[in-house]
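Quick notes on the structure that follows.
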There are 2 protein chains.
Amino acid sequence: MNLTELNETPFLPPDCSACKQKTLCLPEGLSNEEFVNCSNIVTFNKKISKGSRLFHAGDPLRFLYIVKLGSVKSSIVTDEGREQVIGFNMSGEMLGIDGIYHGFHTCTATALEDSEVCVMPYEDLEALCGQSPAIDSHVRRLFSREIVLQHHNLLMLGSMSSTERLAAFLLSLSKRFETRGFSRTEFVLRMTRADIGSFLGLKLETISRALSKFTELGLIEIHQKHVHIVNPKGLRSILQEHKRI
Amino acid sequence: MNLTELNETPFLPPDCSACKQKTLCLPEGLSNEEFVNCSNIVTFNKKISKGSRLFHAGDPLRFLYIVKLGSVKSSIVTDEGREQVIGFNMSGEMLGIDGIYHGFHTCTATALEDSEVCVMPYEDLEALCGQSPAIDSHVRRLFSREIVLQHHNLLMLGSMSSTERLAAFLLSLSKRFETRGFSRTEFVLRMTRADIGSFLGLKLETISRALSKFTELGLIEIHQKHVHIVNPKGLRSILQEHKRI
DNA sequence: CGGATTCTTGACCGGGATCAATACTTGTGG
DNA sequence: CCACAAGTATTGATCCCGGTCAAGAATCCG
């Protein structure tokens, strides 16, 4: 029996105005009516168990998703068998935008832990955009954020050494946990070293070595997946060593 | 005196329905009225001379642009002095989307040759989106295309060797020239080796060597910036060598 | 022309990949 | 509850791709 399917809860109507995460995915200053509209297009929340797929490359675009709880990784696989993790997604972050262009998804979203997402039929979202300029505008901002984020990732892959990439990665995670109300110095990596490596264009051994090096330098403490950033400034300075020319 | 400024032609009203490039940036099946609307938000075409900037990182977002003629490179520069070319843009491609999220641009767009762009005040574009669901939807598709494209670039930087990246780059250029009605086997590189290198996360010497290697293999002929793809299949097979495991 | 920019090629070096062995963690079924 | 298997992480040894430094050639442009 498939837990994933059982775990869908289509009969619990979502209420965006009561959602703790609303500041992450919705703009400020929405009217009550607009909140109701938003809740209406989130047709249901879906629970996905660790390792299961939210959507696959090739699947027709039916929904956009917003992570409500947990975390998800997005990756692409080519005909030639290349695999590339293109991002890790936490609460409030949107998934599935890639599918709009072709009408089908080009990447695959996999739950890194038991998670929960808000499911929005894309048709309904488009209709709502037509009704509410505030939402319409907000959606464009979310899309733009995605692009800005990818630019940053390209910068990492294109111009940083392995340790610089890993430092940037840890700092980025740290910041995202902080904006979600968690500790910015202690958190749990939900993904494997291989996932991090793929995301950063490195091999898992290199990730492992770099983590060990950071530990030796007293920048972090790490036990399995539990990370403690002991010296955030030191981590940041790794990115700035570049400057000294 | 600044040629760039002189070259603006605000008094020639654009007519999208008569534009040769319209299939590249507009959806099919627009009504006459919608064409007029589009033309109205393209307040003017702007000519930019080689080397001049369309916008700078930090500039407030006022316009989105579509390349009409010529080509443009987009790049980001960090505090630490890192520089990363994030893309090359040809006719029909949109520029400036990155600025929507923060309200200011995060990358810089530089003309690689004397070029011409359609200038659309972002406010007007938003207003038009509110009026025309077809345009609204199309804008989201264009944004999504940008994201899909960046995913592909991440794949290149994250999982390809230098020759693979260059082969992918040349094939991508080839395809884009073809869809614009130019030869897919002979074209001129508008950017320097250093630009290509930055885009692909490699040094210019590596680009030069890889081009020489392709020439030795009989895959291409290259004289300065003029490229002739002699053996497209061969180039493609470089990407697929990966497969054989 | 002549100077600046761009490109090519060579020699050498080093960072990260690869291969390999081992340890640790997690989960499953007897 | 333990045993075993599968997945995950660490660390070492070695190799090679692409970076770096450097010299020279070609091209562009005023």
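Just so it is clear: chains get the letters A, B, ... in the order the sequence lines come, proteins before strands, and each one is counted from 1.
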Degree of bending in the helix from C:dC1-D:dG30 to C:dG30-D:dC1 once both end axes are built from five pairs, to 10°:
50°
Check every strand shown and say whether B:Ser208 touches a base, only sugar-phosphate, or nothing at a heavy-atom separation below 4.0 Å.
base
Under 3.5 Å, is there a donor-acceptor pair between the side chain of B:Ser208 and the main chain of B:Glu205?
no
Tell me which residues in residues 211-222 of chain B lie within less than 4.0 Å of DNA chain C, going by non-hydrogen atoms.
B:Ser212
Students should find that the nucleotides of DNA chain C closing off the region near chain A, any atom under 4.0 angstrom from a heavy atom, are C:dG16 to C:dT25
Using the ring of each side chain (for Trp, its six-membered ring), is A:Phe88 parallel, tilted or perpendicular to A:Phe199, with breaks at 30° and 60°?
perpendicular
Taking B:Arg190 for the side chain and B:Ser71 for the main chain, is one N or O donor matched with an acceptor at less than 3.5 Å?
no
Which residues share a side chain to side chain contact (heavy atoms under 4.5 Å, CB included) with B:Lys50, sequence neighbours left out:
B:Asp114
Backbone of A:Leu211 reached by a side-chain donor or acceptor of A:Thr215 within 3.5 Å
yes
Would you say A:Arg193 places a side-chain N or O within less than 4.0 Å of OP1 or OP2 belonging to D:dT8?
no
B:His228 backbone acceptor or donor facing B:Glu221 side chain under 3.5 Å:
no
Is the backbone of A:Gln84 close enough, under 3.5 Å, to the side chain of B:Ser159 for a donor and an acceptor to pair up by distance?
no
Parallel, tilted or perpendicular: which fits the ring planes of A:Tyr65 and A:Phe55, with parallel below 30° and perpendicular above 60°?
parallel
Say whether, by atom type as modelled, one donor and one acceptor occur between the side chain of B:Ser115 and the main chain of B:Glu113 under 3.5 angstrom.
yes
Could you tell me whether the side chain of A:Gln21 and the main chain of A:Lys68 form a donor-acceptor pair under 3.5 Å?
yes
Go through it in stages, so that I can follow the logic: the residues are B:Glu146 and B:Leu142, the test is side chain to side chain contact (heavy atoms under 4.5 Å, CB included), and I'd like the CA-CA distance, side-chain angles, deciding distance and then a yes or no.
CA-CA 6 Å; B:Glu146 199 64 22; B:Leu142 288 180; over 6 Å; no
Is the A:Phe177 ring parallel, tilted or perpendicular to the A:Phe182 ring (thresholds 30°, 60°)?
perpendicular
With sequence neighbours excluded, residues passing side-chain hydrogen bond (donor to acceptor under 3.5 Å, both in side chains) with B:His226:
B:Glu186
Base, backbone or nothing for each nucleotide of nucleotides 16-28 of chain D, written B, S, -, heavy atoms under 4.0 angstrom, 5' to 3'?
--SSBB-----S-
